[in-house]
Structures are given as C-alpha cells and as structure tokens.
Visitor: 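Have a look at this one.
First listed ligand is number 1; within each ligand, the first listed atom is number 1. For the numbers below, each heavy atom of this structure counts, side chains included, while hydrogens, waters and symmetry mates do not.
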Amino acid sequence: MQKTLTIRGADLYQGYLDPEAQQALVDALREIIRAAPFFRPETRWGKPMSVRMTAAGRYGWFSDRKGYRYEPRHPSGVVWPAIPAMVLDLWRDVTGLAREPDCCLINYYGADAKMGMHQDKDEADFSMPVVSISLGDDALFRLGNVARSGATESIWLTSGDVVVLGGDARLIHHGIDRVRPGSSQLLPKGGRINLTLRVVD
Ligand code: SIN
Ligand code: MN
C-alpha cells in the first residue's frame with residue numbers, strides 16, 4: 001500500500017491492516033503473551049511506567065533503575081517468542097529492507113496510559129527505520145523534532161495504522177499523550193496495543 005500522509009518526516013499508512021488482518025494479528029499476539037506475559041517496567045528513576053510491555057524477536061526492550069537496554073530474555077528467563085510472519089511481511093512491505101527487525105516491542109495502553117516524549121536511540125544503526133503498528137483504541141500521537149524543543153504536531157492513530165520513522169525522522173521526539181478509551185472493540189478488555197519493530201545491532 002502507498003503511504004497516506006507524511007507528518008514531520010514520519011510516513012503514515014492509515015488503515016494498513018483491515019479489520020480481518022487486525023483480528024489475525026491479535027490472535028497471533030495472544031500466543032506470544034501466553035509465553036511471555038506483559039510486565040510493567042520501571043523508568044531509570046524507579047517509577048513504574050504506565051504502559052505494560054512484552055516483546056517478540058531476538059531482543060526485547062527493557063527498563064529498570066540500571067537504565068534502558070535490550071535483553072535477550074523475558075524477565076521470567078524464557079527467550080522471547082518469534083515475531084509473527086504477518087508482522088515481518090508488513091515490515092518488508094513498508095521498509096523494502098531484506099534485513100529483518102530484531103525486536104517487536106509490544107506495549108499495552110490501558111485507559112490512563114501514556115508515553116512521554118522520547119527518542120528511540122537504544123539501537124546501534126540509526127539508518128534502520130522504526131515501524132510501529134497500532135491496534136485497538138485510538139491514541140493521540142505527538143511528533144516533535146530531533147532537538148528536544150520546538151514545535152510539535154499531533155495526530156490520532158487508529159487501529160490498523162502503521163507509522164514509519166526513517167531517514168531524517170528516525171530520531172525525532174515522539175510520544176502518546178492519551179488514548180481514547182472505548183473507541184475500538186478489537187481487544188476484548190479494551191485498551192490499545194502498539195507494536196514497535198526495530199533493528200537492534
Ligand atoms: C513508542 O514510541 O514507544 C510508542 C509509540 C506508540 O505507542 O504509538
Ligand atoms: Mn518510541
């Protein structure tokens with residue numbers, strides 16, 4: 001599919017996944033979450049994050065008082081489950097890369113969860129893009145600049161939307177201001193799931 005919008009250098013593919021594909025992805029995620037349940041990481045200042053997390057792939061992103069890093073195992077000690085084939089297909093389609101992502105971070109946002117403005121910079125090679133997939137409730141996504149300050153713009157992401165942060169937009173600050181509880185019926189208990197695909201090393 002062709003991108004539908006570019007905002008601050010980020011490419012959006014709105015409605016990339018149709019409702020049937022969204023349901024198939026939720027079914028695949030259910031298997032992953034059974035093997036590697038959601039946990040709530042702490043920030044490096046010891047504050048619990050409002051999102052719950054798990055991952056698939058060679059690495060999962062992890063955070064505690066020691067800082068932010070990638071880990072080869074879930075906190076329980078199991079290796080992370082494999083990234084679903086349909087997610088790898090989506091990555092190939094929107095990036096055109098033969099290199100596969102090492103990490104599919106899975107973030108769950110309940111009604112009150114948000115994600116402060118940050119850069120994705122725990123990876124080795126910033127020439128590799130970051131791809132994010134939204135499922136479930138709508139979320140207000142804020143995009144800024146490579147510098148911490150300056151103007152920002154916000155856009156509502158809805159279930160099935162894909163965002164690619166690549167090129168000059170790879171290191172822009174971004175975050176989730178809030179979700180709109182009850183805006184989607186996709187997840188049985190409500191809420192939002194965001195998948196973030198990244199090449200790590
Ligand atoms: C993130 O950048 O960590 C998450 C973005 C999102 O939830 O859409
Ligand atoms: Mn991010």
Visitor: Tell me whether R142 is salt-bridged to E153, with the criterion being a basic N under 4.0 Å from an acidic carboxylate O.
Guide: no
Visitor: If the cut-off is 4.0 Å to any non-hydrogen atom of H118, which atoms of ligand 1 fall inside it?
Guide: 1 (C), 2 (O), 3 (O)
Visitor: Relative to the Mn ion (ligand 2), which of the N, O or S atoms in H174 is the closest?
Guide: NE2
Visitor: Hey, which N, O or S atom on D120 ends up closest to the Mn ion (ligand 2)?
Guide: OD1
Visitor: Using distance alone, determine whether R192 and ligand 1 share an N or O pair under 3.5 Å.
Guide: yes
Visitor: Within the 4.0 Å heavy-atom shell around H174, which atoms of ligand 1 are there?
Guide: 2 (O)
Visitor: Starting from atom 4 (C) of ligand 1, which protein heavy atom do you reach first, and at what distance in Å?
Guide: Y109 OH, 3.5 Å
Visitor: Are there over 12 heavy-atom neighbours, none belonging to D168, within less than 6.0 Å of that residue's CG?
Guide: no
Visitor: With heavy atoms of I176 as the reference, note each atom of ligand 1 found under 4.0 Å away.
Guide: 6 (C), 7 (O), 8 (O)
Visitor: Restricting to N, O or S atoms, which atom of H118 is closest to the Mn ion (ligand 2)?
Guide: NE2
Visitor: Can D137 and R192 be counted as an ion pair, charged N to O under 4.0 angstrom?
Guide: no
Visitor: Against heavy atoms of N194, which atoms of ligand 1 measure under 4.0 Å?
Guide: 4 (C), 5 (C), 6 (C), 7 (O), 8 (O)
Visitor: Taking NZ, NE, NH1 and NH2 as the nitrogens, is one of them in E123 or K121 under 4.0 Å from a carboxylate oxygen of the other?
Guide: no
Visitor: Between D102 and R99, is the closest basic N to carboxylate O distance under 4.0 Å?
Guide: yes
Visitor: Pairing donors with acceptors under 3.5 angstrom, does anything connect the side chains of S159 and D161?
Guide: no
Visitor: Can you tell me if H118 and H174 form a side-chain donor-acceptor pair at under 3.5 Å?
Guide: yes
